[in-house]
Structures are given as structure tokens and as C-alpha cells.
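Data first, discussion second: the structure below is written as C-alpha cells.
Order of appearance sets the numbers: ligands from 1, and atoms from 1 within every ligand. Residues: numbered from 1 along the sequence shown.
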Amino acid sequence: MRVLFVCLGNICRSPTAEGVLRHKLRTAGLTGQVDVASAGTGDWHVGNPPDKRSQAAALRRGYDLSAQRAQQVTRADFSSYDLILAMDQSNLRNLKALQPAQGKAELDLFLRRYQSSVDDVPDPYYDGEHGFEQVLDLIEQACDLLVIELKGRL
Ligand code: 4NP
């Protein structure tokens with residue numbers, strides 16, 4: 001089972017989701033059964049580590065994002081991943097435009113799929129400290145439900 005989180009730059013929201021899900025899978029004893037990755041629809045930050053503010057906020061909650069490097073989503077990802085989760089509706093629109101007619105990946109809006117009260121993980125890039133905490137709050141909640149779904153699908 002392979003899961004890909006996608007945001008715009010792949011330096012704030014989707015790397016956070018990757019780190020949180022990986023941690024929760026480890027706690028659930030599912031490491032090795034689910035492959036987790038993240039990517040951006042844009043290419044500006046390819047090869048860079050996550051934003052220092054995302055890394056610091058994540059580390060305060062026990063998630064180490066330091067080994068991650070940004071990459072851009074590709075059409076081939078729709079064949080190699082089972083589930084592609086967009087962080088906001090703009091990311092979802094861009095992914096739909098890229099999605100090949102064939103390809104096994106199921107494409108969905110991350111928060112909407114996991115019954116959050118909001119649809120979008122807000123882009124924290126131009127925001128203050130609070131934005132990064134809010135991103136973590138939303139991602140942690142949704143990842144708890146994602147882990148339950150994954151358990152049922154394995
Ligand atoms: P992300 O945040 O999509 O959560 O990684 C952003 C990072 C960089 C930019 C925009 C959003 N940017 O414009 O460079």
C-alpha cells in the first residue's frame with residue numbers, strides 16, 4: 001500500500017503529513033506495510049528540506065522531518081501510488097489536470113475524506129507560528145482516521 005501526500009511546495013504541509021503518518025503507522029505496528037511519501041505540484045523547492053518552521057513545529061510534537069527532500073509530483077505517481085491525498089482544493093484541481101486516464105491511484109481531498117470540519121489544510125507559508133500549529137492539529141486528527149482506514153485495507 002502506497003500513500004502520497006501532495007501540497008504546493010512540498011516544504012510545509014505535505015512533508016508534515018508524511019512525518020505524522022509515518023510516526024502513527026510505527027505506533028500502530030504497521031511500518032513496512034505502508035509506504036508514505038509527499039510531493040508538491042510546484043517545482044520551486046525540489047531537493048530542499050522542509051521549511052525550518054515546519055520542522056521546528058513538528059519536532060516539538062515528536063516528528064522528525066529533517067531527512068525529507070522536496071520533489072514534484074509526476075504523472076507516473078498515479079500508477080505507483082494507491083492513494084494520493086491533496087492538502088487543499090487548489091492542489092486537488094492541479095492533480096486532476098495532471099491525472100492520466102489510466103492509473104490505479106485514488107485521488108482525494110485529505111481533510112474532506114476524513115470528516116474534518118474544514119476542507120483545506122491552510123497554507124502556512126506566509127503565516128506566523130500559529131499557522132504551523134494549526135496545520136499539525138488538522139493533520140494529526142485526519143491521520144488518526146487514515147490509519148484506521150489503512151488497517152482495514154491491509
Ligand atoms: P506548502 O507551502 O505547499 O505547504 O509546502 C508552500 C511552500 C512554498 C510556497 C508556497 C506554499 N511558495 O510559494 O514558495
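- Looking from atom 13 (O) of ligand 1 to the surrounding protein, the closest heavy atom is Tyr126 OH, 3.6 Å.
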Just do the salt bridge (charged side-chain N to carboxylate O under 4.0 Å, His left out) check on Lys52 and Glu129 with the steps written out, would you?
-> CA-CA 11 Å; Lys52 288 211 173 338; Glu129 188 101 336; over 6 Å; no
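- Atoms of ligand 1 found under 4.0 Å from any heavy atom of Gly9, numbered from 1 in the order shown, are 1 (P), 3 (O), 5 (O).
- Interface of Asn10 with ligand 1, defined as ligand atoms under 4.0 Å from a residue heavy atom, comprises 5 (O).
- Arg53 and Asp127 are not joined by a salt bridge, as no carboxylate oxygen comes within less than 4.0 angstrom of a charged side-chain nitrogen.
- Using a 4.0 Å cut-off between heavy atoms, His45 contacts ligand 1 through its side chain alone, with no backbone atom that close.
- Checked for salt-bridge contact, Lys24 and Glu140 miss the test: no charged N lies under 4.0 Å from a carboxylate O.
- Scanning the protein for heavy atoms near atom 1 (P) of ligand 1, the closest one is Cys7 SG, 3.5 Å.
- Atom 2 (O) of ligand 1 has its closest protein heavy atom at Asp123 OD1, 3.4 Å.
- Criterion: ILVMFWY side-chain heavy atoms under 4.5 Å apart, direct or through other members. Under it, Leu30 and Val20 are part of a common hydrophobic cluster.
- The pair Glu133-Arg61 meets the salt-bridge criterion, since a charged nitrogen lies less than 4.0 angstrom from a carboxylate oxygen.
- Residue Arg13 has at least one nitrogen or oxygen atom sitting less than 3.5 Å from a nitrogen or oxygen atom of ligand 1, judged on distance alone.
- Of the polar atoms of Cys12, at least one N or O is found under 3.5 Å from an N or O of ligand 1, judged by distance alone.
- Separating the CZ atom in Phe110 from the OG atom in Ser14 is a distance of 10.5 Å, to the nearest 0.5 Å.
- Near Leu8, meaning under 4.0 Å from one of its heavy atoms, ligand 1 places the atoms 3 (O), 10 (C), 11 (C).
- One finds no salt bridge joining Asp82 and Arg2 here, because no Lys/Arg side-chain nitrogen approaches an Asp/Glu carboxylate oxygen to under 4.0 Å.
- Note that CG of Asp123 and CZ of Arg13 are 4.0 Å apart. Values are rounded to the nearest 0.5 Å.
- Remark: ligand 1 atoms within the under-4.0 Å shell around heavy atoms of Ile11 are 5 (O), 7 (C), 8 (C).
- Of the protein's non-hydrogen atoms, the one nearest atom 9 (C) of ligand 1 is Tyr125 CD2, 3.7 Å.
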